Structures are given as structure tokens and as C-alpha cells.
Amino acid sequence: MTRAKKKNKKGLRSGYTTGACAAAAAKAAALFLVSGRPPAAVDIPFPDGSRHRFSLARVARMCAPNGAVRYQAVVVKDAGDDPDVTNGAAIVATVWPVAIPPSDGVILADHRLVLLGGEGVGRVTK
């Protein structure tokens with residue numbers, strides 16, 4: 001499990017958002033795809049300029065029956081001492097190379113990256 005940040009002024013451990021956990025999982029899966037080596041942990045930047053390290057619960061290379069290869073990483077969310085319903089949830093990111101990005105319900109960034117929201121993931125449309 002990713003360990004929450006150190007205690008704050010009130011003596012409570014502050015945790016991580018689901019988005020931070022998802023970003024860390026996505027980075028780990030993408031690094032595995034690019035390097036061929038599964039990372040044990042990844043650092044991601046935060047808006048305040050700090051960087052935080054996330055341990056990975058699982059990193060896997062998966063082969064589908066059609067030969068397609070996907071890379072997956074999982075971060076277990078630690079919400080700290082004021083947990084929400086997502087505390088302890090497995091936040092999963094899966095990446096794979098595609099020749100032609102799908103056009104249905106995706107977000108394209110520079111036509112080289114396709115982002116798809118998985119089950120339970122909301123999407124900003126405006």
C-alpha cells in the first residue's frame with residue numbers, strides 16, 4: 001500500500017487523492033511498456049512542486065489470445081487518517097500501443113496518446 005504523507009499540524013496523516021494514485025499507476029504502466037522493465041515504485045510531481053513516491057501493489061505484462069500485449073500497474077490508495085470510501089481501493093491503469101486510436105469517447109493528446117476512463121471513472125466533457 002502507498003503510505004500516506006507525514007502527519008500534519010493536527011497530528012493526522014494526510015493521504016493521497018484517487019487522481020494521484022491513478023497518475024502514479026499510469027506512469028508505472030507506461031514506463032513498463034517503454035522500458036520493458038517493471039518498476040517497483042514511481043515518483044510523480046504535485047502541484048506544490050513536491051514529488052511523492054508511490055509503491056506498486058502489482059505490475060504485470062498481459063498477453064491476450066490475439067497476441068496483443070498490455071501493461072498494467074496497481075496502486076492501493078491510502079487516504080490517510082481521514083479516509084473516504086476509496087481508502088484501500090486498488091487503482092488500476094492499463095496501457096498498450098495502438099496503431100490507430102479509437103474514435104469513440106476518447107481524449108486525444110497530440111494524436112499520440114489515448115486516454116480512456118475505466119469503470120467508475122468520470123469524464124469532464126466541457
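For clarity, every value in this text was computed on a predicted model and none was experimentally measured. All values below were derived from every heavy atom in this structure, side-chain atoms included, with hydrogens, water molecules and symmetry-related copies excluded. Sequential numbering from 1 along the given sequence is applied to the chain's residues.
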Legend entry - Qualifying ring pair (Phe, Tyr, Trp, His ring centres under 6.0 Å) pairs with a residue from residues 18-45, counting only residues at least two apart or across chains: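 For residues 18-45: Phe32-Tyr71.
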Minimum heavy-atom separation for [X] to [Y], with atom names?
X: Gly36; Y: Pro38; answer: O-CD, 4.1 Å
X: Ser55; Y: Ala41; answer: CA-CB, 4.2 Å
X: Pro45; Y: Arg51; answer: CB-NH1, 3.6 Å
X: Val74; Y: Ala90; answer: CG1-CB, 3.7 Å
X: Ala73; Y: Ala29; answer: CB-N, 3.8 Å

Legend entry - Full working for side-chain contact (heavy atoms from CB on, under 4.5 Å) between Phe46 and His52: CA-CA 7 Å; Phe46 274 57; His52 294 268; 3.2 Å; yes
Contact check, side chains of [X] and [Y], non-hydrogen atoms, under 4.5 Å:
X: Trp96; Y: Val69; result: no
X: Ile91; Y: Val76; result: no
X: Arg70; Y: Val95; result: no
X: Val59; Y: Leu56; result: yes

Inset, instruction - Indicate if Val34 and Met62 have the same hydrophobic cluster label, given that clusters are the connected sets of ILVMFWY residues with side-chain heavy-atom separations under 4.5 angstrom. - result: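 No, separate clusters.
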Legend entry - N/O donor-acceptor pair under 3.5 Å between Thr86 side chain and Ala89 backbone: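 It does not hold such a pair.
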Legend entry - Backbone N/O of Gly15 and side chain of Asp78: donor-acceptor pair under 3.5 Å: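 A pair under 3.5 Å: no.
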Inset, instruction - Go through the steps to decide whether Lys27 and Val75 satisfy the test side-chain contact (heavy atoms from CB on, under 4.5 Å), and finish with yes or no. - result: CA-CA 11 Å; Lys27 179 178 180 179; Val75 171; over 6 Å; no
Inset, instruction - If a pair satisfies salt bridge (charged side-chain N to carboxylate O under 4.0 Å, His left out) and one of its residues is in residues 14-24, list it, with sequence neighbours excluded. - result: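 Found none.
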Inset, instruction - Quick one: pull up CG in Leu33 and OG1 in Thr94 and give me the separation to the nearest 0.5 Å. - result: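 Leu33 CG to Thr94 OG1: 11.5 Å, rounded to 0.5 Å.
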Inset, instruction - Look up atom OH in Tyr16 and atom CD1 in Ile44, then write down how far apart they are to the nearest 0.5 Å. - result: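 Going from the OH atom of Tyr16 to the CD1 atom of Ile44 covers 8.5 Å.
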Inset, instruction - Can you tell me which residue pairs pass the side chain to side chain donor-acceptor pair (under 3.5 Å) test with a partner in residues 32-47, sequence neighbours excluded? - result: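 Sorted result for residues 32-47: Asp43-Arg53.
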